[in-house]
Amino acid sequence: MCGRYTLTVEAGDLAERFGVQVPDDYEKRYNAAPRQSLPVVRTGVDVDPEHAPEDVRDAGDRGREFAFAEWGLVPSWVGEPDDANRPINARSETVREKRSFRDAFERRRCLVPADGFYEWVERGGGKQPYRVTLADESVFAMAGLYEVWEGEVAQSSLAAFGADGDDDRRRRVESFTVLTTEPNDVVADLHHRMAVVLDREDETTWLHGDPDEAQALLEPYDGAMRSYPVSTAVNDPGNESPGLLEAVDV
DNA sequence: CCAGACGTTGTT
DNA sequence: GTCTGG
DNA sequence: CCAGACGTTGTT
DNA sequence: GTCTGG
């Protein structure tokens, strides 16, 4: 599956790769973890892909945009995001049936840019992390879903915030989840699930295609990948440095 | 009808 | 063992 | 995903 | 909001 990943490219390269504007607060990530605010490429929040004008469906600038979102999906109907299950993954096989994902699958699919993800293998007494990349180490997109939750701030939080105006009582949480499928040959050595990695030419279909077309893309990645062991320093989500990418002996 | 869940992974 | 935090 | 906490009363 | 369980 996918519970930790890397995105180690410069803002300019990310912008060029996905055709979006990347904000100044973008930073490379060597150990992106659940609950963090991370980059996604999505359709406009108010764009309904099924009913969007042709130019939007064809993925012009209005059709895709960069956003930061929290990893762990918060459906729009939950009462309180802090109390919600926040699934970081959604099974491709059942995603269209599940209440938590169905609406997002129909209307709010996104790309999750990455240039590697980590998988752990049980080793006597601990867990050995491996990093999986494309064979050429280029950036790819994982298939994701995003949500926008808006609601009132819980009463208990009001005092802490000292809120008084109506606007201060509103809260907005944008979030995403990564789809999983069966592993390809490279990942099967490490794990029995893997993130859906999209072929580059399918990214627009994932964002703007109809749901049946999108579903057809949820297959194990067929291109060349490689994996290599990395330091157990990766295990601690507080560690975040370029050194985490270095191969180690096992 | 109302109440309560709504998810994945992995492990037993 | 299980939940929360990152 | 893994790491780390897992609690209360009272006082600052 | 919508589905499942009782």
Side-chain angles (χ1 to χ4, degrees), chain A residues 1-7 27-39 48 68-109 112 114-133 142-152 154 156-157 173-183 187-197 211 218 220 227 229-241 244-245 248:
Chain A
M1 57 102 62
C2 186
R4 216 76 78 75
Y5 65 91
T6 64
L7 178 60
E27 293 183 334
K28 298 179 186 178
R29 294 304 308 269
Y30 302 94
N31 197 5
R35 302 178 68 102
Q36 294 176 344
S37 183
L38 298 165
D48 178 347
F68 284 111
E70 296 176 23
W71 189 7
L73 200 74
V74 181
S76 60
W77 40 259
V78 306
E80 172 53 48
D82 295 338
D83 298 335
N85 288 326
R86 296 181 58 150
I88 63 172
N89 296 120
R91 291 178 64 89
S92 302
E93 296 88 339
T94 55
V95 63
R96 295 182 74 176
E97 306 158 9
K98 298 293 185 179
R99 293 191 285 288
S100 291
F101 302 133
R102 190 178 46 195
D103 195 46
F105 189 92
E106 297 294 319
R107 307 166 48 83
R108 290 180 299 278
R109 298 186 295 271
V112 183
D115 61 0
F117 54 81
Y118 296 112
E119 297 285 358
W120 280 263
V121 175
E122 287 282 355
R123 206 219 301 156
K127 296 190 170 188
Q128 173 61 50
Y130 290 76
R131 181 168 179 250
V132 180
T133 67
M142 299 185 286
L145 308 176
Y146 72 89
E147 279 280 3
V148 180
W149 182 94
E150 288 182 295
E152 304 295 320
S156 58
S157 303
V173 177
E174 303 193 27
S175 63
F176 72 97
T177 193
V178 173
L179 279 80
T180 60
T181 186
E182 295 184 346
V187 177
D189 289 341
L190 308 172
H191 217 61
H192 65 107
R193 300 292 293 170
M194 75 176 285
V196 173
V197 175
L218 301 178
S227 73
V230 293
S231 166
T232 54
V234 168
N235 295 17
D236 186 340
N239 289 332
E240 172 74 31
S241 77
L244 298 179
L245 305 182
V248 300

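In the text below, chain A, chain B and the rest are named by the order of the sequence lines, each starting its count at 1.
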Tell me: [atom1] of [X] to [atom2] of [N], nearest whole Å?
X        : N     : atom1 : atom2 : result
A:Lys127 : D:dC1 : NZ    : C1'   : 8 Å
A:Leu145 : B:dG7 : CG    : C1'   : 12 Å
A:Gln128 : D:dC1 : CD    : P     : 16 Å
A:Glu182 : B:dT9 : CD    : P     : 11 Å
A:Glu147 : B:dG7 : CD    : P     : 12 Å
A:Asn239 : D:dA3 : CG    : C1'   : 11 Å
A:Phe105 : B:dG7 : CZ    : P     : 15 Å
A:Asp236 : D:dA5 : CG    : P     : 11 Å

Inset, instruction - Report which part of the nucleic acid A:Ala84 touches: base, sugar-phosphate, or nothing (heavy-atom distance under 4.0 Å, all strands). - result: nothing
Inset, instruction - Check every strand shown and say whether A:Ser76 touches a base, only sugar-phosphate, or nothing at a heavy-atom separation below 4.0 Å. - result: nothing
Inset, instruction - May I ask you to check if A:Arg109 and A:Phe105 form a cation-pi contact, with NZ or CZ under 6.0 angstrom from the six-membered ring centre and within 45° of the axis? - result: yes
Inset, instruction - Dump the intermediate steps for side chain to side chain donor-acceptor pair (under 3.5 Å) on A:Thr6 and A:Arg131, then the final yes or no. - result: CA-CA 9 Å; A:Thr6 64; A:Arg131 181 168 179 250; 3.1 Å; yes
Inset, instruction - Using a cut-off of strictly less than 4.0 Å between a heavy atom of the residue and any atom of DNA chain E, enumerate the qualifying residues of residues 92-102 of chain A by number. - result: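 Residues of residues 92-102 of chain A that come under 4.0 Å of DNA chain E are, in numerical order, A:Arg99, A:Arg102.
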Search all heavy atoms of [X] against all heavy atoms of [Y] and return the closest pair with its distance.
X        : Y        : value
A:Val74  : A:Glu147 : O-CB, 3.3 Å
A:Gly116 : A:Thr133 : CA-CG2, 4.2 Å
A:Val78  : A:Trp149 : O-NE1, 2.6 Å

Legend entry - Closest-nucleotide ordering on DNA chain B, the 5'-leading residue of A:Trp77 and A:Cys2: A:Trp77
Using the [atom1] atom as the point on both nucleotides, what is the distance between [M] and [N], in whole Å?
N      : M     : atom1 : result
B:dT11 : D:dA3 : P     : 14 Å
D:dT12 : B:dC2 : C1'   : 49 Å
E:dG5  : B:dT8 : P     : 15 Å
E:dT2  : B:dT9 : P     : 26 Å
B:dC6  : C:dC3 : P     : 13 Å
D:dG7  : B:dC1 : C1'   : 42 Å

Inset, instruction - Mind checking the NZ-CD spacing from A:Lys28 to A:Glu240? Nearest 0.5 Å is all I need. - result: 11.5 Å
Inset, instruction - Would you please test A:Tyr118 and A:Tyr5 for side chain to side chain contact (heavy atoms under 4.5 Å, CB included) and show each step? - result: CA-CA 6 Å; A:Tyr118 296 112; A:Tyr5 65 91; 5.6 Å; no
Legend entry - Non-hydrogen side-chain atoms of A:Val230 and A:Leu244 separated by less than 4.5 Å: no
Inset, instruction - Flag the pair A:Arg123 / A:Thr232 as yes when at least one side-chain heavy-atom distance between them is below 4.5 Å, and no otherwise. - result: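 A side-chain contact exists here, since the closest heavy-atom pair is under 4.5 Å.
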Legend entry - N/O (side chain, A:Thr177) to phosphate O (OP1/OP2, B:dG7) under 4.0 Å: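 Indeed not, no polar side-chain atom of A:Thr177 lies that close.
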Inset, instruction - May I ask you to evaluate whether A:Arg91 reaches the phosphate of B:dT8, defined as a side-chain N or O under 4.0 Å from OP1 or OP2? - result: no
Legend entry - Qualifying residue, where the test is side chain to side chain contact (heavy atoms under 4.5 Å, CB included) with A:Val95 and the options are A:Thr180, A:Leu179, A:Asn89: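 Only one option passes, and that is A:Leu179.
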Legend entry - Base-paired stems in DNA chain E, each at least three Watson-Crick or G-U pairs under 3.5 Å: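 Stem segments, range with range: B:1-6 with E:1-6.
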Inset, instruction - Measure from the side-chain N and O atoms of A:Asn85 to the backbone N and O of A:Pro87, and report whether any donor-acceptor pair falls under 3.5 Å. - result: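 Checked: no pair found.
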Legend entry - Whether A:Asn239 side chain and A:Asn31 backbone form a donor-acceptor pair below 3.5 Å: no
Inset, instruction - Starting at the 5' end of nucleotides 1-6 of chain C, put B wherever the base has a protein heavy atom under 4.0 Å, S where only the sugar-phosphate does, and a dash everywhere else. - result: ----BB
Legend entry - Nucleotide of B:dT9, D:dC1, B:dT11 approaching A:Glu122 most closely (side-chain heavy atoms): B:dT11
Inset, instruction - Count the heavy atoms belonging to other residues, nucleotides or ligands that lie under 6.0 Å from CD of A:Glu182, then report whether that count exceeds 12. - result: no
